[in-house]
Asker: 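One structure is given below, represented as structure tokens, and several questions about it will come after.
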Amino acid sequence: MFMKMRKMRIFCLLLLVLGEAWSHVTPRPNFVLLMADDLGIGDPGCYGNKTLRTPNIDRLAGGGVKLTQHLAAAPLCTPSRAAFLTGRYPIRSGMAAQNQVGVFIFSASSGGLPPSEITFAKLLKSQGYTTALIGKWHLGTNCHNSSDFCHHPLSHGFDYFHGIPVTNLRDCKPGEGSVFTTAFRLLVFIPLQVLALALLTLAGLRWLGLFRVPPALIFSLLFLAALVLGLLLCFLHFFRPLNCFLMRNHDITQQPMSYDNLTQRLTADAVRFIQRWHTRPFPPPPRKLRDKSMRVNHIPVLVKFGRFEHSFFSLSGQILDVLDELKLANNTLIYFSSDQGAHVEEVTVKGELHGGSNGIYKGGKATNWEGGIRVPGILRWPGVIQAGLELDAPTSNMDLFPTVANLAGAPLPEDRIIDGRDLMPLLLGQSQRSDHEFLFHYCNFYLNAVRWHPRNSTSIWKAFFFTPKFSPEGANGCFATHVCFCHGHSITHHDPPLLFDISQDPRETDPLTPTSEPRFWEILEVMQQAAAHHTRTLQDVPDQLSPGNIIWKPWLQMCCSWSGLSCQCDREKEEGRGSH
């Protein structure tokens with residue numbers, strides 16, 4: 001059912017890390033990091049889906065640890081991916097918007113993940129690794145011209161990139177409709193109706209002889225109408241080729257992007273990379289792991305990080321198979337997750353639901369209800385992590401940064417706050433609870449909610465300072481606007497904050513009151529103090545998603561070749577043979 005509903009718009013983003021040093025000491029583990037886009041926690045079978053077959057994800061979960069309270073650091077693609085790569089709340093890097101648009105939409109925007117940010121790819125390179133990333137980036141490309149690539153993956157520690165630099169809107173696929181319908185109505189259709197009404201009124205007044213209408217006025221109104229209509233037609237004609245394209249490293253290989261066998265092409269590239277580099281020697285493991293009884297072979301370090309389309313579940317199986325074939329599986333830590341919850345408002349022009357499932361949880365993408373941030377979280381490392389475990393402790397996708405860094409022997413940066421926590425003590429059973437006592441849930445720039453897991457307590461409190469107004473009333477999302485917003489008339493403020501015990505009410509249907517919870521005010525006081533302390537750790541940084549940074553800038557536009565007043569090329573086939 002869900003496969004039919006969403007057609008699983010999935011791209012593969014692959015990061016590979018290969019070392020140049022050789023040692024007879026047991027090498028460090030490989031890392032395969034799989035990140036789906038808009039995949040709800042209710043989509044995989046191992047999380048309870050009874051209608052969608054996901055044997056490869058279930059196979060992964062059966063051989064490792066399943067996190068049941070794994071949380072995206074943000075409920076939108078751009079900020080969540082920034083947090084994943086840096087281990088920091090996106091507000092610290094300026095990747096949290098102060099306006100309604102919380103992600104990059106145009107390839108020719110100047111905002112992006114700042115060069116000063118340290119990704120785990122940079123840390124791994126400092127340890128002698130080579131890195132590659134395949135799939136969706138969505139963290140900016142250029143700053144000042146169309147070839148400075150200041151935000152590009154290759155500027156953030158990756159040695160190889162093959163994928164889409166922006167995102168995978170339905171506008172990229174002919175016949176799938178547009179996410180800009182509301183904008184068209186407000187910025188085009190309503191102005192055209194006003195202009196048409198004005199012209200008809202003036203024409204009527206002139207015909208009745210009640211008003212002498214200057215020809216210049218009629219001409220001006222007609223010109224404005226033609227301008228608005230012309231801009232709409234230009235947008236419809238140029239958006240896809242200018243924003244929906246594939247790149248390999250710094251070169252555009254397909255513009256506009258073709259969806260024909262796209263997942264298979266990216267998967268084949270991932271497999272080729274693994275096969276090419278699997279005999280490359282690697283640095284020794286961290287000293288604290290050298291005396292452990294880990295059976296690890298001399299093989300390359302691999303990191304995979306992804307967004308997948310249509311046949312993602314098959315893709316993940318192919319990656320697992322090639323690891324088995326090359327005898328890499330026992331020395332590979334695999335991580336699988338999603339950048340946020342399912343997009344429940346994703347409805348096609350035919351009325352079909354393509355958003356996926358968030359299971360029992362409320363809300364979805366762009367909200368901090370559990371359905372927007374609670375995502376699948378699976379980790380497998382045969383012989384190290386016990387198979388079949390299920391952990392309910394609150395964890396974050398920011399935790400992969402310190403986990404990967406520590407396993408690779410890379411010291412964490414000391415000049416900045418790292419919000420993620422090393423997962424290994426929890427995964428190895430050395431700790432029974434997460435190091436996150438508090439987690440802070442942002443809706444773009446705005447602190448939306450606080451999660452508190454008190455020491456020596458099974459309760460998990462969650463307090464909302466505001467919540468989105470669902471539309472239509474009673475719905476489970478903001479269908480009128482295609483996505484929920486974070487401020488203004490789109491939200492309801494709560495004073496006192498809306499309080500839930502997630503451990504008892506995971507559906508978030510029954511907010512607590514001073515009557516139902518005797519410690520109501522005490523709990524809120526602790527959480528508000530924690531929020532105040534967290535806020536004091538923030539520094540002012542440039543807003544990478546400000547209107548000036550997200551608007552289309554023609555001098556930043558990348559184009560492989562101009563053809564018929566548009567950009568068109570297809571170099572995927574010939575370049576695919578010689579990649580890596």
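What you see is a predicted model; the values in this text were computed from it and never measured.
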Asker: Can a salt bridge be assigned to the pair Asp419 and Arg92 using a cut-off of 4.0 Å between side-chain N and carboxylate O?
Answerer: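 The answer is yes: the pair qualifies as a salt bridge.
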Asker: Would you indicate whether the side-chain heavy atoms of Ile105 and Thr167 approach each other to under 4.5 Å?
Answerer: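 In short, these two side chains do not touch, never coming nearer than 4.5 Å.
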Asker: Indicate, with yes or no, if the rings of Phe465 and His493 have centres closer together than 6.0 Å.
Answerer: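 Between His493 and Phe465, which both carry aromatic rings, the centre distance is not below 6.0 Å.
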Asker: Taking C-beta and beyond as the side chain, do His151 and Leu139 meet within less than 4.5 Å on heavy atoms?
Answerer: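 The answer is no; the side chains never approach within 4.5 Å.
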Asker: Looking at Phe464, I'd like to know if its CZ atom is crowded, meaning that more than 12 non-hydrogen atoms belonging to other residues, nucleotides or ligands lie closer than 6.0 Å.
Answerer: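 Counting neighbours around CZ of Phe464, more than 12 heavy atoms of other residues, nucleotides or ligands fall under 6.0 Å, so yes.
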Asker: Is there a side-chain contact between Tyr47 and Ser357 in this structure, where contact means two heavy atoms from C-beta onward sitting under 4.5 Å apart?
Answerer: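 Not touching, per the 4.5 Å side-chain cut-off.
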Asker: Check whether any side-chain heavy atom of Leu71 lies under 4.5 Å from a side-chain heavy atom of Val375, and answer yes or no.
Answerer: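 No - every pair of side-chain heavy atoms lies 4.5 Å or more apart.
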Asker: Is a salt bridge present between Glu117 and Lys122, judged by a nitrogen-to-oxygen distance below 4.0 Å?
Answerer: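 Lys122 and Glu117: not salt-bridged.
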Asker: Pair Trp461, Met527 - check side chain to side chain contact (heavy atoms under 4.5 Å, CB included), show working.
Answerer: CA-CA 9 Å; Trp461 308 106; Met527 298 179 79; 3.9 Å; yes
Asker: Rounded to the nearest 0.5 Å, what separation is found between the OG1 atom of Thr367 and the CD1 atom of Ile491?
Answerer: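 It is 13.0 Å, given to the nearest 0.5 Å.
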Asker: Taking the side chain as every heavy atom from C-beta outward, state whether Trp452 and His436 have any pair of such atoms under 4.5 Å apart.
Answerer: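 They are not in contact (no side-chain heavy atoms under 4.5 Å apart), so the answer is no.
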Asker: How about CG on Asp540, more than 12 heavy atoms from neighbouring residues, nucleotides or ligands closer than 6.0 Å, or not?
Answerer: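 12 or below, so no.
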Asker: At their closest point, which heavy atom of Ile550 faces which heavy atom of Ser109, and how far apart are they?
Answerer: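 Looking at all heavy atoms of both residues, the shortest contact is O-OG, 2.7 Å.
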Asker: Does a side-chain heavy-atom distance below 4.5 Å link Gln340 with Ile373?
Answerer: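 No. Closest side-chain heavy atoms not under 4.5 Å.
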Asker: Give the ring-plane orientation class for Tyr89 versus Tyr442, where under 30° counts as parallel, over 60° as perpendicular and anything between as tilted.
Answerer: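 Tilted, since the angle between the ring planes falls between 30° and 60°.
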Asker: Hydrogens and angles aside, do Asn549 and Ser110 bring a side-chain donor and acceptor to less than 3.5 Å of each other?
Answerer: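 There is such a pair between these side chains.
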Asker: Salt bridge check, Arg240 against Asp171: does any charged N sit closer than 4.0 Å to a carboxylate O?
Answerer: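 No salt bridge links Asp171 with Arg240.
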Asker: Got a second to check how far Thr141's OG1 is from Leu113's CG, nearest 0.5 Å?
Answerer: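 The CG atom of Leu113 is 11.5 Å from OG1 of Thr141, to the nearest 0.5 Å.
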Asker: For the residue pair Asp58 and Thr54, confirm or rule out a side-chain donor-acceptor distance under 3.5 Å.
Answerer: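 Judged by distance alone, the side chains do pair up.
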Asker: Any carboxylate oxygen within less than 4.0 angstrom of a Lys/Arg side-chain nitrogen, looking at Glu437 and Arg421?
Answerer: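 Looking at Glu437 and Arg421, the cut-off is not met.
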Asker: For the residue pair Asn397 and Ser337, confirm or rule out a side-chain donor-acceptor distance under 3.5 Å.
Answerer: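 Judged by distance alone, the side chains do not pair up.
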Asker: Do Pro468 and Trp369 have side chains that approach each other closer than 4.5 Å (heavy atoms only, starting at C-beta)?
Answerer: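 Side-chain contact under 4.5 Å: yes.
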Asker: Please confirm whether the backbone N or O of Val344 pairs with a side-chain atom of Lys365, one donor and one acceptor, at under 3.5 Å?
Answerer: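 No, because the side chain of Lys365 does not come within donor-acceptor range (under 3.5 Å) of the backbone of Val344.
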Asker: For residues 497-512, which residue pairs qualify under salt bridge (charged side-chain N to carboxylate O under 4.0 Å, His left out), counting only residues two or more places apart or in two chains?
Answerer: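 Output for this query lists Lys462-Glu508.
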Asker: Using every non-hydrogen atom in the two residues, find where Phe466 and Cys443 come nearest and quote the distance to one decimal.
Answerer: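 That would be CZ-CB, 4.0 Å.
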Asker: Is any side-chain heavy atom of Ile118 closer than 4.5 Å to one of Thr86?
Answerer: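 Sidechains of Ile118 and Thr86: no contact.
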Asker: Is the closest basic N to carboxylate O distance between Arg81 and Asp339 below 4.0 Å?
Answerer: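 Counted as a salt bridge, because a side-chain N and a carboxylate O are separated by less than 4.0 Å.
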